[in-house]
Amino acid sequence: MTCSTIWQGLVFCRHPVQNRLTGGQGRLHDDTIEPRTYSCGVAKLSATDTQAGANSLRSGPDGRGRFGIFGGRFVAETLMPLLLELDGAYRAAQADPEFRRELDYYLKDYVGRPSPLWFARRMTEELGGAKIYMKREELNHTGSHKLNNVMGQILLARRMGRTRIVAETGAGQHGVATATVCALFGMKCAIYMGATDVERQKPNVFRMRLLGAEVVPVTAGAGTLKDAMNEAMRDWVTNVHDTYFLVGTVAGPHPYPQMVRDFQSIIGVETKEQIVAAEGRLPDTIVAAIGGGSNAMGIFHPFLDDPEVRLIGVEAAGCGLDSGRTAASIERGKPGVLHGNRTYLLQDADGQITEAHSISAGLDYPGVGPEHSWLSDIGRAEYVGATDQEALDAFQLCTRTEGIIPALESAHAIAYATKIAPDMGKDQIIVVNISGRGDKDIFTVAEHLGVKL
Amino acid sequence: MSRIARRFATLRQQGRGALIPYVEACDPDYDTSLAILRGMPAAGADLIEVGVPFSDPSADGPTIQKAALRGLKGGSTMKRVLEMVAAFREGDDGTPIILMGYTNPITAYGPERFCVDAKAAGVDGLIVVDMPPEEADLLAGPAATAGLDIIRLVAPTTPDDRLPVVFNGASGFVYYVSITGVTGTRTASTDELAHALPRLRRATDLPIAIGFGIRTPELAANAVSVADAAVVASALLNTLEATLDADGKATARTVPAVLEQLRGLANAVHAVSKPVSE
Ligand SMILES: Cc1ncc(COP(=O)(O)O)c(C=O)c1O
């Protein structure tokens with residue numbers, strides 16, 4: 001699990017945003033959209049409307065589930081009719097005010113929304129640059145942003161008359177969130193989890209079992225999230241008559257990337273209101289960790305049409321972007337097809353998917369949501385890496401200065417914020433998405449610090 | 001007429017159904033899988049599916065997953081798979097070869113170049129498990145230009161009103177995935193098949209092959225009594241696996257054991273007489 005000595009001295013890799021704008025592969029399907037420059041200058045206040053206009057970057061995906069060349073529905077025929085049904089059911093739910101009302105009720109009284117936007121005063125002072133705000137998704141019930149999406153999808157599954165839920169999980173946060181709502185609504189629940197992850201996220205495995213879920217360890221491959229995803233898809237294809245596949249991130253076949261993004265967008269919608277209330281303007285920069293990309297998509301999406309806001313997704317660089325032991329799919333992958341969608345993937349020259357590596361189970365995935373691949377290609381968002389060691393350092397910094405123990409996933413975002421904040425002006429603002437709390441990670445962190453628990 | 005169309009036409013004239021066995025490329029090594037492939041026509045194969053190993057075969061059960069991993073360990077690459085088909089073609093110009101696999105190794109190779117090279121190697125058709133009709137434009141043009149058949153999959157979940165979508169652009173034959181599930185697990189009942197076939201026949205004139213869960217001569221015979229062909233994969237791969245030594249290497253028994261089982265399946269399939277037509 002460790003990276004030996006190459007940890008130290010690895011630097012963050014800034015994405016060549018402007019080069020990508022004109023680079024060939026990912027063409028905009030809407031050529032009316034002009035490439036823009038994203039400066040960190042003084043931002044003017046944008047309208048906080050949620051309607052996507054004609055030239056909006058928020059209108060994707062298209063009818064085929066594509067964001068530019070990414071996305072789509074690459075699944076076996078057995079699943080295709082189910083995806084079409086799901087797409088129809090989701091559209092109907094979106095159009096139904098009763099669905100929205102029901103979801104709002106659960107988000108408020110069960111999930112505990114809205115989550116606060118916290119001004120991290122001591123961390124800001126210690127870094128000596130931009131003001132750092134933290135979007136406190138770790139305060140949600142079950143301790144992460146995952147419940148935002150799960151709450152939406154479970155209500156949809158119920159509308160569709162499904163009685164059994166399958167899900168994949170990496171860190172176990174999505175699994176815990178899913179097991180939780182299954183307990184809440186009395187539904188059967190099977191959670192697929194890589195055997196390696198079962199080992200490094202024991203508290204969450206126990207939690208899921210307490211909640212009544214069946215946790216199925218997957219030994220194929222490296223026993224991480226990719227393998228769990230394969231196995232969950234196999235379960236779904238076998239039990240199509242009663243089973244709903246509750247995908248935990250903005251990946252998978254259409255409509256999952258869109259649907260999960262929509263349910264997670266509550267993070268960005270709240271952030272926009274809160275930062276305007278606190279500072280009278282939009283932030284200069286938003287930073288979020290990228291596994292499949294759901295917490296990042298959730299906070300980015302409402303800001304896509306505000307070009308003055310710089311959006312930065314932090315991938316897990318593992319032992320370093322060029323170490324060969326990384327989970328940085330956008331930074332080090334190539335476009336390909338896995339788990340139902342076309343996106344950036346870590347793969348070899350023959351198109352075989354390679355194993356990812358990250359200290360954080362939730363980021364340990366060789367792919368990324370297709371909308372991120374598109375945002376990277378058009379240059380609207382930047383994607384960078386943070387190493388295992390940098391995440392461990394940020395984990396401790398955040399805990400020590402703010403009294404907030406972040407998830408190792410979120411620590412990757414904090415790590416990058418600590419990198420850029422000192423070089424920014426004191427009047428500038430960074431919002432970091434704290435996607436989850438770190439209680440589940442204390443065993444991993446202790447091990448790396450040489451402490452026996 | 002394509003090799004696949006020609007083969008089905010001949011079978012119809014003879015009043016016979018087809019057996020389509022499956023061999024995973026480079027499982028457990030190149031020479032063994034080529035020896036099995038070369039031995040298959042004499043053992044009774046009418047058409048042959050060659051599996052292209054992929055790291056993440058999410059529609060396959062444990063048997064094919066293991067075979068794919070052995071194939072990758074055995075040095076399989078797309079280039080190697082095509083070499084193997086070309087080597088087979090040197091001694092057999094009549095038996096259709098269908099490549100079965102997943103999208104990513106094809107897109108990594110490049111769809112145009114892949115279709116050209118596959119045709120040149122002697123491949124006749126493609127089954128791409130995770131490429132439904134909605135995504136087929138990726139391959140449709142290059143495959144048509146090269147003269148490769150795209151074999152479409154139909155499932156029990158495919159509703160009647162979707163059948164025209166699935167069959168639009170299909171050629172060669174149609175592959176009926178007889179169960180909802182992964183390969184090598186459950187078997188469809190005679191009743192389920194008897195119910196499914198007429199609805200497919202109403203929607204297509206292409207020959208229909210039944211696959212997934214066919215593991216015995218009886219099940220294979222049962223399948224061709226209602227359909228035009230039976231696909232057998234996991235049962236042969238299980239036999240292969242059982243002959244490997246402790247290190248997963250092929251033994252002297254590997255090739256004969258697989259071909260012996262194939263002979264039994266073929267005898268049962270060919271004993272079923274079907275109405276003769278032109
Ligand atoms: C706390 C936390 N943050 C982030 C992630 C990564 O997922 P995503 O990129 O979809 O937000 C996970 C996944 O398990 C997580 O538990």
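Any value given below was found using the heavy atoms of this structure, including those in side chains, with hydrogens, waters and symmetry copies removed. All figures in this text were calculated on a predicted structure; none of them were measured in a lab.
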For side chain to side chain contact (heavy atoms under 4.5 Å, CB included), just list the numbers for T158(B) and L163(B), CA-CA rounded to whole Å, side-chain angles, deciding distance to a tenth of an Å, and then say yes or no.
-> CA-CA 7 Å; T158(B) 311; L163(B) 290 175; 3.9 Å; yes
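Below 4.5 Å, heavy atoms of chain B meet heavy atoms from M233(A), R234(A), V237(A), T238(A), V240(A), all part of residues 233-255 of chain A.
Neither the backbone nor the side chain of I106(B) comes within contact range of chain A; no heavy atoms are under 4.5 Å apart. With a 4.5 Å cut-off on non-hydrogen atoms, A232(A) does not touch chain B at all. Of the atoms belonging to S76(B), it is backbone heavy atoms, and not side-chain ones, that fall under 4.5 Å from chain A. Neither the backbone nor the side chain of L69(B) comes within less than 4.5 Å of any heavy atom of chain A. Proximity to chain A is limited to the backbone of P53(B), based on heavy atoms less than 4.5 angstrom apart. In this structure, chain A has heavy atoms under 4.5 Å from both the backbone and the side chain of V182(B). With a 4.5 Å cut-off on non-hydrogen atoms, V128(B) does not touch chain A at all. For a residue to count as touching a neighbouring chain, one of its non-hydrogen atoms must lie under 4.5 Å from one of that chain's; by this rule F54(B) touches chain A with backbone and side chain alike. Contacts between L338(A) and chain B at a heavy-atom distance below 4.5 Å involve the side chain alone, from C-beta outward.
If you check the side chains of T63(B) and N238(B), you find a donor sitting under 3.5 Å from an acceptor. For the residue pair S33(B) and D27(B), no side-chain donor N or O sits within less than 3.5 Å of a side-chain acceptor on the partner. Between the side chains of S358(A) and D364(A), not a single donor N or O lies within less than 3.5 Å of an accepting N or O. A donor and an acceptor atom, one from each side chain of E192(B) and S189(B), are located under 3.5 Å apart. D350(A) and Y109(B) share no donor-acceptor pair across their side chains, judged by distance under 3.5 Å alone.
Geometric assessment of R186(B) against the ring of F212(B) yields a negative cation-pi assignment under the 6.0 Å and 45° thresholds.
The pair R70(B)-E24(B) does not meet the salt-bridge criterion, since no charged nitrogen lies less than 4.0 angstrom from a carboxylate oxygen. Taking 4.0 Å as the cut-off between side-chain N and carboxylate O, R261(A) and E371(A) count as a salt-bridged pair.
Contact tally against chain B (heavy-atom pairs below 4.5 Å) for H339(A), K226(A), K334(A): the top residue is K226(A). When the candidates L72(B), V177(B), I179(B), T185(B) are compared by the number of heavy-atom contacts under 4.5 Å with chain A, L72(B) comes out ahead. Contact count versus chain A (heavy atoms, under 4.5 Å) is highest, among V154(B), N104(B), D60(B), for N104(B). The candidate from R152(B), R162(B), M78(B), M131(B) with the greatest count of non-hydrogen atom pairs under 4.5 Å with chain A is R162(B).
Interatomic distance, CD1 of I20(B) versus CD1 of I98(B), reported as 5.5 Å (0.5 Å rounding). Taking OH of Y383(A) as the reference point, atom OG of S373(A) lies at 8.0 Å (rounded to 0.5 Å).
Ring to ring, F74(A) and Y102(B) are not that close: their centroids are 6.0 angstrom or more apart.
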